[in-house]
Structures are given as structure tokens and as C-alpha cells.
A.B. asks: 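Quick one: the structure is below, and I'll ask about it shortly.
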2 protein chains.
Amino acid sequence: MPKETFFNLPEEKQERVIEAAIEEFATYPFHKARITAIADNAGIAKGSFYQYFKDKKDLYKYIIELTVEKKLTYINQEMMANREKYSFFQILREVYLSGIRFAEENPRLIPIGFMLINDKKLYHEIFGEYKDLSSDFFQQLLIQGKVKGDLDPAIDPVLVSKMLTSISYSLGDLIYEDGKLDMNDMEIIDQMLHFIENGIKKRE
Amino acid sequence: MPKETFFNLPEEKQERVIEAAIEEFATYPFHKARITAIADNAGIAKGSFYQYFKDKKDLYKYIIELTVEKKLTYINQEMMANREKYSFFQILREVYLSGIRFAEENPRLIPIGFMLINDKKLYHEIFGEYKDLSSDFFQQLLIQGKVKGDLDPAIDPVLVSKMLTSISYSLGDLIYEDGKLDMNDMEIIDQMLHFIENGIKKRE
DNA sequence: TTACAATATGACTAGAGATTCATATGAATA
DNA sequence: TATTCATATGAATCTCTAGTCATATTGTAA
């Protein structure tokens with residue numbers, strides 16, 4: 001958590017620091033990211049940085065916190081609050097759709113998330129013992145979906161939740177290194193959902 | 001590529017160096033990994049290290065090379081050479097199965113691969129312009145599978161190949177942080193293939 | 001045994017980057 | 001204006017590690 005002094009700063013200056021930090025952490029993994037570069041790009045003295053933050057990790061955690069917060073704003077809150085009203089696939093569509101919107105509008109935040117996921121030590125330091133928040137979320141959805149009768153009763157929620165999680169990561173990746181797919185978001189989502197619902201086997 | 005002196009070493013000593021390197025690179029991303037630690041754990045002097053390798057990257061590339069080589073030995077060569085004889089799903093099963101065997105027998109190599117995938121710069125430095133070898137492979141399989149008539153003609157090979165790639169990464173992850181799933185390898189593979197073939201929608 | 005080549009060693013150098021700190025600045029207040 | 005307090009600054013310090021190098025050791029062949 002930043003020090004009080006940071007929040008006392010004019011918003012424009014806070015913004016510059018945050019932007020510079022996002023740029024640096026999106027480009028380099030935590031250990032390679034440099035405070036010097038962040039201070040330079042934000043147009044502040046290196047010493048000032050330490051007026052605002054305890055250390056590099058302090059800033060990093062703050063950026064992650066902002067990222068998670070922002071990500072949440074992309075999800076349809078009404079739908080999440082009334083999950084029982086919607087089918088599993090409706091909810092899944094919304095989750096992916098929000099993911100794609102988030103990735104498109106905040107492309108620099110995607111690599112930051114990726115790099116964090118890969119640094120297990122740092123990840124646990126930030127999120128505690130939760131092994132995988134995303135996977136837990138999908139697991140719960142799957143269990144509810146089974147109860148509702150939307151889903152094949154034979155599937156294992158733990159395993160399938162992990163698969164859905166990876167698939168959703170790949171979604172972020174797709175958008176991130178774009179120019180890859182000649183499809184608009186809806187098409188991508190539709191294809192992914194089709195895959196998840198029906199698999200890829202040819203049917204007669 | 002290591003210097004000649006490295007290959008002149010008694011095999012046992014080479015082995016110690018490689019083991020120490022794997023341990024270090026499995027624990028820390030490239031930039032955080034320390035030559036000093038590797039030398040210490042291998043029981044050689046730091047100076048000796050530079051008799052064997054040009055620099056840290058030289059060693060790292062070598063470890064990656066060994067990893068790729070080893071990975072290939074896990075794949076059923078006969079099947080790969082005669083792909084046309086097998087159905088898409090037979091081949092996919094073999095690919096995943098080999099992945100799981102590899103991960104189980106070489107757990108330390110998995111995090112090394114993960115960390116490399118995440119360091120795009122390093123990745124490209126090592127593998128050249130190929131954006132994603134794994135994805136290209138799946139894409140080719142999918143195209144062939146469509147021709148053979150194994151697959152839903154509506155699927156998009158580019159997108160689906162990316163999804164299959166993520167799923168196979170998650171497979172490595174699953175094995176790597178085990179104790180997670182109450183299933184043996186076969187069950188995992190079966191469930192994954194079932195997901196890929198049929199999706200998760202309830203059918204009458 | 002001596003001379004030469006290859007290898008081993010670890011103290012040393014160089015550089016990078018995080019963090020500290022003494023000092024400067026400037027705004028607010030008495 | 002003088003004093004205080006918060007913030008700004010960048011030189012200095014501290015730590016860490018990659019990579020070098022002069023020297024020692026070992027092996028080999030004449």
C-alpha cells in the first residue's frame with residue numbers, strides 16, 4: 001500500500017507514476033523491472049519514489065490491486081448477483097466477454113497478469129494461499145451448472161475448471177498479441193463457447 | 001552451446017553441472033537465476049563455469065536444448081511419422097499422454113518451460129521468429145483432422161489450436177503441482193479428451 | 001624428470017540497481 | 001518575516017552477481 005504522501009499528490013502526478021509503473025511491469029517481470037526507469041518515465045526523482053512507496057514490491061502490489069479492481073468493473077454485476085437466473089453458458093459468455101473487453105481496453109495489464117501468474121512465489125505473497133482464484137470461480141460455476149442440469153453430469157468440476165481457466169488465459173493472450181485472429185470479439189467468444197459446449201468432434 | 005572443455009569433462013561432472021542448472025532455472029526465472037548458486041551446487045569453482053560456458057545464456061540455451069530433445073523422446077515416433085494412419089483424437093491422446101509422462105518424470109523441467117514461455121524476448125532469442133511452435137503443431141493437426149473428417153468442419157483451426165495449446169500447458173501445470181486432483185493420468189487424459197471431443201453440454 | 005598444455009580456482013573488477021540520507025525547496029502558519 | 005512541516009532531490013551507499021584474470025594444479029608426452 002502506498003504511503004500517505006502518494007495519495008496527497010495531485011492526481012495528475014499519481015497518474016504519471018502509475019502509468020510509468022504499468023509500462024515497466026508490463027515490459028519486464030518483477031525482478032527485472034527498474035525503479036529508475038519508472039521514476040524517469042514518471043518525471044520524478046528516484047528519491048521521491050521512496051517518499052511514496054516503501055519499496056518496489058509495495059508499488060507492484062498496488063498496481064496488481066488496481067488491476068484486480070478494474071477487472072471487476074468489467075463484469076456484469078447484476079448477472080453475478082443473480083446467477084441462478086442465468087444458464088451456465090450465459091454466465092460463461094459474460095465472463096469471457098468481460099475478459100475480452102478488459103483485455104482490449106487495458107492491453108498493458110494483460111502481460112502484468114501473465115508474468116505474475118508465472119511467478120508463483122510472488123503470486124502467493126500477494127494472494128495468500130489461494131492457489132488459483134480463477135479456477136475456484138469456475139469450479140463453483142460448474143457445480144451450480146450441474147445442479148441446474150445445464151452440464152454433462154459426467155464432467156469433473158475440478159479438472160474442467162482448470163481447463164476453463166487455461167482457456168480464458170489464452171483468450172487474454174490472443175487479444176494481447178493481436179493481428180493474430182481475423183475475427184471480432186463476438187466471433188471469438190462464439191467459437192470458444194461452441195468448443196466448450198460441443199467439443200470439436202464431427203457429428204452426423 | 002557449451003565449450004569443448006565442458007564435453008571433455010567426465011560425464012559425472014557434466015551431470016552435476018546440468019542438475020544444478022536445472023534446479024536453479026526451475027526455481028528462478030532466467031534473470032534471477034545465479035551462476036554462483038549453480039557453481040556452488042555443482043561443486044565447481046565459479047571460474048570453472050566460464051571455462052565450460054561462454055556466459056549464463058549459453059548454459060541456459062543448452063538446458064533448453066536438452067529439454068526439447070528429451071521432450072521429443074517421449075512422443076511416439078512411429079505415430080508421428082505415420083499420422084495419416086491415425087485419427088485426430090488418437091494422435092491428440094498420444095500427444096497429451098507423452099506430455100504427462102514427460103511432466104511426471106521430469107517435473108523440474110516444467111517450470112523452466114513455463115518461465116521461458118513468459119519471457120517473450122528470451123523465447124524469441126532462442127526459437128527465432130516462431131511465435132508458438134506448439135500452437136503451429138496443433139494447427140496442422142487440426143487441418144489434417146478436418147480433411148480426414150474427424151472434426152467439426154465449422155471449427156477455426158487457428159483459434160482452436162490456441163485453445164488446445166493452453167489446455168496442454170495446463171496439463172503440465174496439473175502434474176507439476178500435484179495433490180490437486182484425485183485422478184490418475186489415464187483418467188485425466190480421458191476427461192480432457194472427452195471435454196475436447198464433446199464439450200460439456202448436457203445431451204439427451 | 002622436465003616442459004608444455006589443459007584445466008581449476010577464487011579473489012577481483014565492473015556494473016547495475018535498490019534503498020538511504022542529508023540537504024533543498026516551497027507552501028502554510030504564526 | 002520567521003518558523004514549521006511536508007515534499008523533492010540526486011549523490012552516496014549498499015548489495016548482489018556476472019564475468020575476468022593471474023596463478024595454481026594436474027595431466028601428458030618427450
Side-chain angles (χ1 to χ4, degrees), chain A residues 1-64 115 119 121-122 125-126, chain B residues 1-64 115 119 121-122 125-126:
Chain A
M1 211 18 50
K3 298 181 184 173
E4 174 125 13
T5 48
F6 179 70
F7 295 111
N8 293 341
L9 252 33
E11 245 177 63
E12 182 271 336
K13 199 169 189 178
Q14 289 183 33
E15 213 42 58
R16 269 189 290 141
V17 173
I18 290 171
E19 281 311 309
I22 287 174
E23 186 54 34
E24 183 73 4
F25 287 129
T27 312
Y28 304 100
F30 178 75
H31 292 291
K32 188 92 185 302
R34 293 151 311 159
I35 295 299
T36 306
I38 294 172
D40 285 356
N41 288 331
I44 62 169
K46 201 138 65 102
S48 300
F49 176 86
Y50 289 92
Q51 304 278 18
Y52 311 147
F53 301 92
K54 184 176 161 291
D55 53 24
K56 181 161 80 161
K57 197 169 282 169
D58 188 25
L59 167 63
Y60 184 74
K61 285 182 182 174
Y62 182 57
I63 296 296
I64 296 299
M115 290 190 228
D119 193 330
K121 204 154 136 215
L122 199 54
E125 206 173 318
I126 291 176
Chain B
M1 210 18 49
K3 299 180 184 175
E4 175 125 12
T5 47
F6 179 70
F7 295 112
N8 292 341
L9 253 30
E11 246 177 62
E12 181 273 335
K13 199 168 185 177
Q14 291 184 31
E15 212 42 57
R16 267 187 292 140
V17 173
I18 290 170
E19 280 310 310
I22 288 175
E23 185 55 34
E24 185 72 4
F25 288 128
T27 311
Y28 304 100
F30 179 75
H31 292 290
K32 189 90 184 305
R34 293 150 312 159
I35 296 299
T36 307
I38 294 172
D40 285 356
N41 289 331
I44 62 169
K46 196 141 66 107
S48 300
F49 177 87
Y50 290 91
Q51 304 279 18
Y52 310 147
F53 301 92
K54 183 175 164 291
D55 53 23
K56 183 161 82 161
K57 198 170 281 171
D58 187 25
L59 167 64
Y60 184 74
K61 284 182 182 173
Y62 182 57
I63 297 295
I64 296 299
M115 290 190 228
D119 193 331
K121 203 155 138 216
L122 199 55
E125 206 173 319
I126 292 177

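Keep in mind it's a predicted model, so treat the numbers as computed, not measured. Chain naming here is simple, since letters A, B, ... match the order of the sequence lines and numbering starts at 1 in each. No hydrogens, no waters, no symmetry mates; every other heavy atom, side chains included, goes into these values.
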A.B. asks: Between C:dA16 atom P and A:Glu24 atom CD, what is the distance in whole Å?
C.D. replies: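 So the two atoms are 15 Å apart, to the nearest Å.
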A.B. asks: Does B:Asn8 have a side-chain nitrogen or oxygen under 4.0 Å from the phosphate oxygens OP1 or OP2 of C:dA6?
C.D. replies: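 For C:dA6, OP1/OP2 do not have a side-chain N/O of B:Asn8 under 4.0 Å.
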A.B. asks: Report which part of the nucleic acid B:Ala33 touches: base, sugar-phosphate, or nothing (heavy-atom distance under 4.0 Å, all strands).
C.D. replies: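 Touches sugar-phosphate only.
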A.B. asks: Ignoring hydrogens and geometry, is there a side-chain-to-backbone donor-acceptor pair from B:Lys61 to B:Glu125 under 3.5 Å?
C.D. replies: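 No; judged by distance alone, with no hydrogens or angles, the pair does not exist.
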A.B. asks: Across the strands shown, which category fits B:Phe6 at heavy-atom distances under 4.0 angstrom: base, sugar-phosphate, nothing?
C.D. replies: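 No contact at all - B:Phe6 keeps every heavy atom at 4.0 Å or more from the nucleic acid.
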A.B. asks: If you assign each of A:Ser48 and A:His31 to its closest nucleotide in DNA chain C, which residue comes earlier from the 5' end?
C.D. replies: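 Result: A:His31.
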A.B. asks: Please state whether the rings of A:Phe6 and A:Tyr62 are parallel, tilted or perpendicular, taking 30° and 60° as the class boundaries.
C.D. replies: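 It falls in the perpendicular class, over 60°.
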A.B. asks: Do you know the tightest heavy-atom contact between B:Lys32 and B:Glu24?
C.D. replies: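 Scanning both residues completely, I find the closest heavy atoms to be O-OE2, 4.4 Å.
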A.B. asks: How far apart are the C-alpha atoms of A:Ile64 and A:Phe25, what are their side-chain angles, what is the distance that settles it, and do they pass the side-chain contact (heavy atoms from CB on, under 4.5 Å) test?
C.D. replies: CA-CA 10 Å; A:Ile64 296 299; A:Phe25 287 129; over 6 Å; no
A.B. asks: What is the distance, to the nearest angstrom, from the CZ atom on A:Phe49 to the C1' atom on C:dT19?
C.D. replies: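 Computing the A:Phe49:CZ to C:dT19:C1' distance gives 10 Å.
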A.B. asks: Please tell me which of the listed nucleotides, C:dT20, C:dT7, C:dA8, lies nearest to the side chain of A:Tyr50?
C.D. replies: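 Between C:dT20, C:dT7, C:dA8, the one nearest the side chain of A:Tyr50 would be C:dT20.
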A.B. asks: Just N and O in the side chain of A:Thr36: are any of them under 4.0 Å from OP1 or OP2 of C:dG17?
C.D. replies: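 No, no such contact exists.
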A.B. asks: Could you tell me how far apart B:Lys3 (NZ) and C:dA8 (C1') are, to the nearest whole angstrom?
C.D. replies: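 Rounding to the nearest Å, NZ of B:Lys3 and C1' of C:dA8 are 13 Å apart.
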A.B. asks: Give me the first and last nucleotide of DNA chain D, going 5' to 3', that has any atom under 4.0 Å from a heavy atom of chain B.
C.D. replies: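 The protein-touched segment is D:dT17 to D:dT20.
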A.B. asks: Check the distance between C:dA18's P and A:Lys32's NZ and give it to me in whole angstrom.
C.D. replies: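 It works out to 11 Å between those atoms.
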A.B. asks: Can you tell me how far P of C:dA8 sits from CZ of B:Phe53, to the nearest Å?
C.D. replies: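 Checked: the CZ to P distance equals 12 Å.
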A.B. asks: For A:Arg34 and C:dG15, what is the distance between atoms CZ and P respectively, to the nearest whole Å?
C.D. replies: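 Atom-to-atom, A:Arg34 to C:dG15, this comes out as 17 Å.
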A.B. asks: What I'd like to find out is whether the side chain of B:Leu122 reaches to under 4.5 Å of the side chain of B:His31, using heavy atoms alone.
C.D. replies: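 Result no, sub-4.5 Å side-chain heavy-atom pair not found.
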A.B. asks: For A:Lys46, which contact category applies under a 4.0 Å heavy-atom criterion: base, sugar-phosphate, or nothing?
C.D. replies: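 A:Lys46: base contact, heavy atoms under 4.0 Å.
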A.B. asks: Can you check whether A:Lys54 has a side-chain N or O nearer than 4.0 Å to OP1 or OP2 of C:dT19?
C.D. replies: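 Result: no.
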A.B. asks: Is B:Lys57 touching bases, backbone alone, or none of the nucleic acid, heavy atoms closer than 4.0 Å?
C.D. replies: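 No contact.
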A.B. asks: Residues two or more places apart in sequence or in another chain: which of them pass ring-ring contact (aromatic ring centres under 6.0 Å, His included) with B:Tyr28?
C.D. replies: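 Checked B:Tyr28 against ring-ring contact (aromatic ring centres under 6.0 Å, His included); zero matches.
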A.B. asks: With a 4.5 Å heavy-atom cut-off, do B:Ile44 and B:Lys13 have their side chains touching?
C.D. replies: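 SC-SC contact between B:Ile44 and B:Lys13 confirmed.
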